[in-house]
Amino acid sequence: MKIKNENKIWLVSIIGFILFYFLWLLLWRNNGYVRSLGGNVLSIIGTLVPSVWLLGAYLRSKLTINKVYWILLFLSTFSYLLGELCSFYVESILLIESPSLNLYETFYMLSVLFCLFAFIFIIWKRAKIALFTKFVFDIGIVMTVSSTFSWYYILSPFMKNAPVSLLSLSVSLYYPIIDILLLVCISTFYFMGEHFFSNRVLKFILIGLFIQIFANSIYFFEIAQNSYFSGNLIDPLFILPELLIGYTALIGREPMKEHSIEIEKHETHSVTVLRLILPYVLVIFLFIFMIQNSNGFDMISVGSGLSITFVLLRQFVVLAENRELVRQYYKKNEELEISEERYRSLFEYHPDSVFSFDLKGKIESMNSVGATLLEEHPNALIGFPLADFIDKDYTENQDSYLSKMKNGKVHHHEFTLKNKDGKELSIDMTHIPIMVKNKLVGTFGVGRDITENKLNEEKIRFYAYHDYLTGLANRRLFEETLELALESADQTDSVLAILFLDLDNFKEINDTYGHETGDKLLISVSNRITTFCGEKHLAARMGGDEFTILLENISVDYFEEEISLLSDLLSEPYKINGVNFLCIPSIGVAYFPTDGINSNELLNKADNAMYDVKFNKKSTN
């Protein structure tokens, strides 16, 4: 709910920002420099912000297709940002009026092109080959018809009546043609019968593109009439689509549902009919227009001929697809009974997560437990390899697992994966071959979440060498580390020291205030010892209130200073359950090699030294 509320605030901010942009242009309409300066600064802000949003979406995404989509949209807004920076430099710093056709116009053209590539990429990755081929022909038909009418009604008249270069008009015409292609892409998401985006995301994209087409249309006519100037009232309409498309990246942060690219099967008869008849309607319209207006071999007849060619080719694809659909229909009927029993029993009723993979290791389906494990909609991951979620340390072994899978043998392996929220899970997966009519077609992956078992194993391994109460090293770890340190010190002729300490009045505190207070006091003491040791020294709890510390690679004089610092640190009062306790340590020390050459000698020496210190305290008292 917090992220959704933040997104609502951002949406209101976008609207407020655009209104402020219009207000600025109106307030300073009589001061060209201030109007242009403010407009340039606001345009830079209006493209920088969505660039940051889209880059964040790219960094958050885990699936490759999402990352490519978001980086293309980022390049779109970032290219526009570069164009605005160049415009700001020329107009507000160099104080040169920006020409209608300039070098940095390339950045604006690239911006629209990257946006088009982003949508085409989604269609290419999600659609079947036949559907994508029809989409290509639809693009060709729409582009041919729009180019033909643009030439007849716009380019040709302006070239005859206005002193405008063909290059300038072609560059200006580039925007509306690309915008129309963008609309074809968005329409295709519906026409194919599959939603590639959530309705909410698609709504903002459509609004942004319609505004962009409207602004580009006005811009084209103003450029053609040489009446456009920096700080024009249409300038905010160029920035608003950038902000709206960038805003879709914020929607993807919302936890309830991944809005970036979701796939939901959704049949809509009306849009399917519209998709089928739209190309034919366009061609018929162009053909009728050709009969009425064409004079021999001209641009209209060329455009009509190309459109008819595209439609014929498209029709062959449709017929081939229909034939393939009929063949698949009979095949699916034959396999239906086997498929229902296989998936219903193994998938939905299995207590563990179950996936089915094709021979390339890509997910074909999953049960509800698997979807819960990855925190994704079951359909959202179809066609993607599970390796996209697996930790990089385990992905190197995927080729060997795929090779074993193709041999048709049962095998299992363990790996760590990250779900949608970034939570790491340890999985033990068993691969079972799927045989249909004695032919291997894929595998079932039965994955068991062993995260808790792994944590318990790590805890067991940790406490095999550490004290359960304080987390310090135990006697076993201390003695093994001491043996290695002695070997190193002997080879390098260096000095090391062992500190052996206990707490003088711990027993009285423990007996008077109870074991719970005593345990808390030991934990507090251990925390101070850990602070003293840092990463340089090893501390261990030997039992009860006895602790040992291993000091290495420091001089004898420094040993004494360290012991004094430790004693002062541990002698400070401890506040346990609102009561202050003084627990003075007695510290004994033994040096290698003067006090002993092995661990037993040094530990005994340090222990005896500690008792001597304790005895001397009692004697002085």
Side-chain angles (χ1 to χ4, degrees), residues 1-58 60 70 73-74 76-85 87-88 91-92 107-108 111-112 115 175 179 182 186 197-219 222 228-256 259-260:
M1 288 300 295
K2 181 180 179 182
I3 295 178
K4 286 186 177 181
N5 291 334
E6 289 179 0
N7 288 348
K8 291 179 181 178
I9 294 173
W10 276 116
L11 183 58
V12 173
S13 301
I14 290 173
I15 298 172
F17 176 81
I18 296 300
L19 292 176
F20 177 78
Y21 199 154
F22 279 115
L23 182 62
W24 178 275
L25 298 179
L26 291 172
L27 288 176
W28 297 100
R29 60 183 178 274
N30 296 324
N31 189 327
Y33 175 74
V34 176
R35 181 188 65 236
S36 178
L37 174 63
N40 286 331
V41 171
L42 291 172
S43 294
I44 290 172
I45 296 172
T47 50
L48 175 62
V49 171
S51 297
V52 173
W53 290 342
L54 292 167
L55 182 60
Y58 163 76
R60 289 193 304 271
W70 289 121
L73 286 185
F74 164 74
S76 173
T77 57
F78 186 71
S79 297
Y80 205 104
L81 173 62
L82 293 178
E84 289 298 332
L85 289 172
S87 178
F88 172 78
E91 296 174 0
S92 301
F107 291 122
Y108 298 120
S111 173
V112 185
C115 189
Y175 296 106
D179 288 339
L182 283 169
I186 300 301
F197 300 94
S198 68
N199 290 331
R200 188 177 171 203
V201 169
L202 192 58
K203 176 179 67 177
F204 285 108
I205 294 176
L206 282 172
I207 292 173
L209 289 179
F210 278 121
I211 293 173
Q212 183 173 321
I213 290 176
F214 176 74
N216 282 339
S217 299
I218 298 176
Y219 174 75
E222 290 192 352
Y228 176 78
F229 56 89
S230 179
N232 195 298
L233 282 176
I234 67 169
D235 287 355
L237 297 181
F238 290 115
I239 302 303
L240 181 55
E242 305 294 324
L243 287 166
L244 292 178
I245 291 177
Y247 180 72
T248 61
L250 296 183
I251 299 176
R253 301 183 309 159
E254 296 178 4
M256 295 302 296
H259 293 272
S260 55

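Values in this document were obtained by computation on a predicted structure and should not be read as measured data. Computed over heavy atoms, backbone and side chain alike; hydrogens, waters and symmetry mates excluded. Heads up: numbering here begins at 1 and tracks the sequence.
Of the possible donor and acceptor atoms, one in the side chain of Asp235 sits under 3.5 Å from a partner among the backbone N and O of Asn232.
With contacts defined as side-chain heavy-atom distances shorter than 4.5 Å, the pair Leu25/Pro236 qualifies. Between Ile245 and Pro50, every side-chain heavy-atom pair lies at or beyond the 4.5 Å cut-off.
Between Thr47 and Ile239, the shortest heavy-atom contact is CG2-CD1, 4.0 Å. Here the shortest heavy-atom pairing between Trp53 and Leu243 reads CZ3-O, 3.9 Å. For the pair Ile234 and Ala215, the tightest heavy-atom approach, listed with the atom from each and the gap, is CD1-O, 4.1 Å. Nearest heavy atoms, Thr77 versus Ser51: OG1-OG, 3.1 Å. Here the closest heavy-atom approach between residue Leu73 and residue Cys115 is recorded as CD2-SG, 4.1 Å. In terms of heavy-atom proximity, Phe88 sits nearest to Val41 at CE1-CG2, 4.0 Å.
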Query raised in the report: Given the rule in the ring-ring contact (aromatic ring centres under 6.0 Å, His included) test, do Phe74 and Tyr58 qualify, once you have shown the distances and angles that lead to the verdict?
Result: CA-CA 8 Å; Phe74 164 74; Tyr58 163 76; 8.0 Å; no
Report task. Could you check Tyr80 against Tyr108 for ring-ring contact (aromatic ring centres under 6.0 Å, His included), going step by step and ending with a plain yes or no? Result -> CA-CA 5 Å; Tyr80 205 104; Tyr108 298 120; 4.9 Å; yes
Query raised in the report: Under the side chain to side chain contact (heavy atoms under 4.5 Å, CB included) criterion, do Ile3 and Leu250 qualify, and how do the steps go?
Result: CA-CA 9 Å; Ile3 295 178; Leu250 296 183; over 6 Å; no
Query raised in the report: Can Leu81 and Ile44 be said to form a side chain to side chain contact (heavy atoms under 4.5 Å, CB included), step by step?
Result: CA-CA 6 Å; Leu81 173 62; Ile44 290 172; 3.8 Å; yes
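Under a cut-off of 6.0 angstrom, the local environment of CZ in Phe78 is sparse, with at most 12 non-hydrogen atoms contributed by other residues, nucleotides or ligands.
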Enumerate, atom names and distances included, each donor-acceptor pair closer than 3.5 Å involving a side-chain atom of residues 8-17, sequence neighbours excluded.
| unit_1 | atom_1 | unit_2 | atom_2 | d |
| --- | --- | --- | --- | --- |
| Ser13 | OG | Ile9 | O | 2.8 |

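In this structure Ser36 satisfies the side chain to side chain donor-acceptor pair (under 3.5 Å) test together with Glu91, Ser230, sequence neighbours excluded.
Among residue pairs with one or both ends in residues 16-29, those qualifying as side chain to side chain donor-acceptor pair (under 3.5 Å) are Tyr21-Ser43; sequence neighbours excluded.
Rounded to the nearest 0.5 Å, atoms CG (Asn30) and CZ (Arg35) are 8.5 Å apart.
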